[in-house]
Amino acid sequence: MAFDKNQFDDIIREFTVDGGRLREIAADFRYDLQKGLENPAESSLRMLKSYVGLPTGAETGEYLALDFGGTNVRVLRIRLEGNGKFEVVRKVAKPLKVEGIYDFIGEGSTAEQMFDFIAGLVDEAVDGDHSTKYLLGHTFSFPSEQTNLYNAKLIIWTKEFATSGVEGQVVNDLLKAALHRQGLDNVEPTAVINDTVAVLLAAAYKQPDVYIGSIYATGHNTCYLEPYADSAEQPMILNLESGGFMKLIPNRLDQEFDQNSEKPGEQRLEKMVSGRYMGELFGMALAELLQEKGRSYGFTSIDMSNIILDDSAARSKTAEIVAAKTGHTLEKADCEMVQQLAQALVIRSARLVTASYVGIIWQLAGSGKPQKQHIAIDGSVYEKMPLAKENILRALSELLGEEAADIDTVLENGGSGLGAAIAAAMSQK
């Protein structure tokens, strides 16, 4: 079958963000930031306080880091050596659920069981040492309400978690009680941070001039150091929960996808840019080209990556992926269109994400010139998706002109552990 060229061109247009629109989105993001600083209720950005600023890079000592962001929990013992150097001395990682053996995240599980299991991992990480004093930093990647660096209350479980007795509780209190039951009174939890904040702390420890941290993976979120330039408040990292940014014009496929999603009307930016949703949008567009509107094929962002990378003369890899998912055998010309469709979605994603970064850069610059800086990014889309990185840089140039020469992006993929250790070190200031 041959695709309808007009229909194809229309779909590509739907996923194209031109320079003028890009600039508007960046300006809207900055506006939402300013509104959020005055009154968070008037902004689609959450502006959550982290109660931590940036490290100096001179932090030293041995700390424990608990990385709790999903079903696989890690505890690391990390030695900070100053000058941005560090060593992971010990690492213990175990899943919270093993089919048929144990399950600490299902409905029948309790807070006590879950945290006793985690305390056991901490015991392993310190090699059973119950006397040396350790401070523990905790990267906890679930929606929390925080009133200081120690005190984070879980608002609601996400990611299939249903353990009872944790929602509404201070997670460090639950951890502390479990450590006590384990005989680990020498381990003191002192800091809780979000995974995005951990990315920024880890990158800022290693090099100067990092003020923005972002996760660009299955999901998407960004944080930044708010200098509070005109007030007496100390500079602090604010977690924007930027995946919920709403001042975007979704195309008809975005709207249809949103209406059928678990939470319609929420996480608009995330649904347009993140790895979790890109494959589904790609599949919806392809279904229209195959005259099977409404069918779901289950494409993933990894499929899209493989399609974009297919440089075989006949585009045979693309044909193979499409045939496996849809049952349709495509000619080379159609495979090239499929490739262009995947490219268009990735390019749009990178451009929208960059517009949000530029909104922050403008906010940090005030009425002056943007300062020299690195944007720290962690995540599979940024690290592995073809076209993502170069289109971030291209969009930075488009929006910032010559000033873009002072701004680049850096990969920070060990952030969750290192960032938690740094937060523990900083908790003593």
Side-chain angles (χ1 to χ4, degrees), residues 26 29-30 33 47-60 65 78 80-86 137 139 141 149 191 193-217 220-229 234-242 350 353-366 368-379 381-383 388-389 392-393 395-397 399-400 403-426 429:
F29 197 90
R30 182 187 184 181
L33 272 182
M47 314 298 287
L48 303 174
K49 290 183 170 186
S50 69
Y51 299 93
V52 69
L54 292 185
T56 61
E59 289 76 8
T60 56
I78 295 178
L80 301 178
E81 294 164 352
N83 295 324
K85 295 190 168 48
F86 69 97
T139 296
S141 314
L149 188 55
I193 53 173
N194 158 282
D195 53 352
T196 316
V197 173
V199 168
L200 179 48
L201 290 179
Y205 180 71
K206 294 178 197 169
Q207 60 184 335
D209 306 322
V210 188
Y211 312 107
I212 297 172
S214 187
I215 288 180
Y216 186 16
H220 173 61
N221 186 21
T222 301
C223 67
Y224 78 107
L225 181 78
E226 171 51 54
Y228 291 117
Q234 286 290 309
M236 185 191 289
I237 299 171
L238 298 181
N239 163 21
L240 302 177
E241 292 296 333
S242 62
V353 164
T354 310
S356 73
Y357 298 159
V358 170
I360 299 170
I361 290 166
W362 285 340
Q363 170 66 13
L364 292 174
K369 177 180 183 297
Q371 63 215 96
K372 179 179 187 305
Q373 61 185 290
H374 314 284
I375 300 168
I377 309 176
D378 177 19
V381 177
Y382 173 73
E383 188 178 358
K389 203 172 301 179
I392 289 175
L393 296 175
L396 283 170
S397 285
L399 291 170
L400 297 170
E403 291 167 349
D406 285 336
I407 292 158
D408 67 359
T409 61
V410 291
L411 174 67
E412 177 49 70
N413 56 9
S416 294
L418 176 59
I422 292 163
M426 291 174 72
K429 285 185 183 171

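In this chain, numbering begins with 1 at the start of the sequence shown.
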State, with a plain yes or no, whether a side-chain heavy atom of [X] is found less than 4.5 Å away from one of [Y].
X	Y	answer
I392	I375	no
L418	K206	yes
T222	Y216	no
L33	E226	no
V199	S214	no
I407	P370	yes
Q234	Y228	no
V358	L396	yes

Smallest separation among heavy atoms of [X] and [Y], with atom names:
X	Y	answer
E59	L80	O-CB, 3.4 Å
V353	S356	O-OG, 2.6 Å
I237	L225	N-CD1, 3.9 Å
L201	G53	CD2-O, 3.4 Å
A350	A388	CB-O, 3.6 Å
Y205	E81	OH-N, 3.5 Å

Query raised in the report: Between E412 and G414, is there a donor-acceptor pair closer than 3.5 Å when you use the side chain of the first and the backbone of the second?
Result: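 Checked: pair present.
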Could you give the distance from [atom1] ([X]) to [atom2] ([Y]), rounded to the nearest 0.5 Å?
X	Y	atom1	atom2	result
I360	S242	CD1	OG	7.0 Å
I361	L400	CD1	CG	5.5 Å
M426	L149	CE	CG	8.5 Å
C223	N221	SG	CG	7.0 Å
Q373	I212	CD	CD1	5.0 Å
N194	T139	CG	OG1	8.5 Å

*asked:* Please enumerate all residues that pass side chain to side chain donor-acceptor pair (under 3.5 Å) together with K85, with sequence neighbours excluded.
replied: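 Partners of K85 by the side chain to side chain donor-acceptor pair (under 3.5 Å) criterion come out as none, since no residue qualifies.
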| query | For D209, which residues count as a side chain to side chain donor-acceptor pair (under 3.5 Å) partner, sequence neighbours excluded? | reply |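 For D209, the residues satisfying side chain to side chain donor-acceptor pair (under 3.5 Å) (neighbours in sequence not counted) are Y211.
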Can you sort out the partners of D406 under salt bridge (charged side-chain N to carboxylate O under 4.0 Å, His left out), two or more places apart, ordered by chain and number?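 For D406 the salt bridge (charged side-chain N to carboxylate O under 4.0 Å, His left out) partners, ignoring immediate neighbours, are K369.
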As a quick check of understanding, evaluate side chain to side chain contact (heavy atoms under 4.5 Å, CB included) for L200 and L54, giving each step before the final call.
CA-CA 8 Å; L200 179 48; L54 292 185; 3.9 Å; yes
Quick one: do T409 and H374 satisfy side chain to side chain contact (heavy atoms under 4.5 Å, CB included)? Show the steps, please. CA-CA 5 Å; T409 61; H374 314 284; over 6 Å; no
I'd like to know whether CG of D408 has more than 12 heavy-atom contacts from other residues, nucleotides or ligands below 6.0 angstrom.
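Yes, CG of D408 has more than 12 neighbouring heavy atoms, counting only those of other groups under 6.0 Å.
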Stepwise, does the side chain to side chain contact (heavy atoms under 4.5 Å, CB included) test hold for D195 with S416? CA-CA 6 Å; D195 53 352; S416 294; 4.2 Å; yes
